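Okay, so here's the structure we're looking at.
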Amino acid sequence: MTSIDILMPRPMLPIVQEQLDAAFTVHRLYEADNPEALLAEIGGKIRGVAMAFGPVNAELLAKIPNAEIVSSFGVGYDHVNTDDCLAAKVMVTHTPDVLTEEVADTAVGLMIMTIREFGQAEQWLRRGNWESKGPYKLTGATMQGRTLGIFGLGRIGKAIAKRAEAFGMKIHYHGRSKQDDVSYPYHATPKALAAACDTLMVVAPGGAETKHAVNAEVLEALGPDGIVINIGRGTVIDEAALIAALENGTIYGAGLDVFENEPHVPEALLKLPKVTVLPHVGSASQATRNAMGQLVVDNLKSWFETGEAITPVPEMR
Ligand code: NDP
């Protein structure tokens, strides 16, 4: 298969690079002194793209007119314009399932860290305050008796729900539609979900449809004991409204793995005492990232060997 040319716009994991090098001719855009010139030279030969971040849109696709497939690393693919890919007859794949349990673990860890202030308590110890000033203060919030509202009860949302049930939490959810095989109470809007719970877990995809779905009104409905956890995408929450709600005491606290403009995190968020932040590490263990990388490779190989993708995004099915 060495005659098949693959474009790699940015570096990928060694497990991906080694296997793609063995099976295809890989063109690494990020190594070129002039990426645009390289693309102009080789664009016509490219039949597949292996990538972790976008954007993939009509502009890029026009430069690789013979591309057949974009194999994207990660389950979220809001960086890929699927309408443009459908118009250009380009298959898009992603890496669902293999990261579900890892991300659910991270979500629950982040929720507990936020509610019980473990990050802040650890800093208290590391700075020598325990010895010099005494114990860390009692936390104003507890995991006990909380109701979890899951915004996006999909693969990861359900894995979070399973864990949260074991902690004794009551579960509610919101999505575009009610799921018949789920017994948790359904809410048709994010605001109704927020009103019914005190802990809002955002695990919905990014993109235009969900942009700022968690806004000032939703945060108001969550109320002063409310805690927001975002493990989905930064764009789902209006970050400015979140900062205002935290500053004004409209809600109690927030735990965030994702942000609107990564890797930038607003200074105002970092200054807030009841906020726990993580640098988008939801799936970031070696084992899980390798499994995701393997699926990027397997999708490309399957496409060029059999004409079928293993894990096409829903729009392509
Ligand atoms: P799924 O597709 O299985 O679940 C997504 C859920 O979101 C579905 O239940 C869907 O329900 C709901 N949803 C989708 N669109 C909307 C909408 N417009 N309004 C309301 N609800 C909506 O995906 P996964 O569970 O596998 O992954 C979820 C997301 O988690 C990913 O898209 C990604 O952005 C994020 N993620 C973050 C990671 C991190 O490192 N922090 C790692 C991995 C994933 P319905 O169809 O009924 O609307």
Side-chain angles (χ1 to χ4, degrees), residues 52-54 72-80 82 92-111 113-114 148-164 171-182 184-194 200-215 218 228-238 254-260 262-263 265 276-293 295-296 311-317:
F53 307 101
S72 182
F73 180 91
V75 67
Y77 54 95
D78 39 312
H79 50 275
V80 179
T82 48
V92 180
T93 63
H94 63 152
T95 62
D97 302 315
V98 293
L99 46 60
T100 295
E101 304 301 327
E102 193 82 70
V103 180
D105 290 345
T106 310
V108 172
L110 178 57
M111 175 171 68
M113 277 183 79
T114 306
L148 184 65
I150 301 183
F151 179 171
L153 190 72
R155 288 171 291 246
I156 300 170
K158 288 193 174 86
I160 293 170
K162 194 170 144 196
R163 287 156 173 76
I171 318 275
H172 293 230
Y173 76 103
H174 161 69
R176 286 164 299 186
S177 44
K178 185 175 184 306
Q179 301 183 37
D180 293 338
D181 53 349
V182 165
Y184 310 130
Y186 170 74
H187 300 272
T189 64
K191 188 178 169 188
L193 177 69
L200 183 63
M201 175 70 72
V202 177
V203 61
E209 258 192 66
T210 55
K211 184 156 194 244
H212 290 185
V214 176
N215 55 21
V218 173
V228 175
I229 306 297
N230 192 0
I231 194 79
R233 279 291 180 267
T235 51
V236 184
I237 299 183
D238 178 343
L256 309 167
D257 184 48
V258 289
F259 303 88
E260 270 204 81
E262 294 174 11
V265 178
T276 296
V277 283
L278 294 177
H280 202 146
V281 294
S283 66
S285 74
Q286 190 70 65
T288 294
R289 287 284 171 89
N290 278 351
M292 294 160 64
L295 204 40
V296 168
T311 47
V313 300
E315 290 87 339
M316 301 284 156
R317 282 177 216 149

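Because the structure is a prediction, the values reported are computed rather than measured. Numbering of ligands and ligand atoms starts at 1, following listing order.
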For residues 185-194, the salt bridge (Lys or Arg N to Asp or Glu O under 4.0 Å) pairs (sequence neighbours left out) are Lys191-Glu217
> N/O of Thr210 under 3.5 Å from N/O of ligand 1, yes or no?
Replying inline: no
Practice prompt. Please indicate whether any nitrogen or oxygen in Phe151 is less than 3.5 Å from any nitrogen or oxygen in ligand 1.
Written response: no
Does His174 have a heavy atom less than 4.0 Å from any atom of ligand 1? yes
With a 4.5 Å heavy-atom cut-off, do Arg233 and His280 have their side chains touching? yes
| task | May I ask you to decide if the ring planes of His172 and His187 are parallel, tilted or perpendicular, using 30° and 60° as cut-offs? | result | parallel
Residues pairing under side chain to side chain donor-acceptor pair (under 3.5 Å) where one sits in residues 149-163, two or more places apart or in two chains, turn out to be Glu101-Arg163, Asp105-Arg163, Lys158-Gln179
Review point. Quick one: does Ser177 get within less than 4.0 Å of ligand 1, heavy atoms only?
Key: yes
Contact between Leu99 and Ile156 at the side-chain level, heavy atoms closer than 4.5 Å - yes or no?
yes
Closest to atom 42 (C) of ligand 1 among protein heavy atoms sits Val103 CG2, 3.5 Å
Less than 3.5 Å between some nitrogen or oxygen of Gly154 and one of ligand 1, yes or no? yes
To atom 32 (O) of ligand 1, the nearest of Pro205, Ser283, Pro190 on a heavy-atom basis is Pro205
Exercise. Can Tyr77 be said to touch ligand 1, with heavy atoms closer than 4.0 Å?
Worked result: no
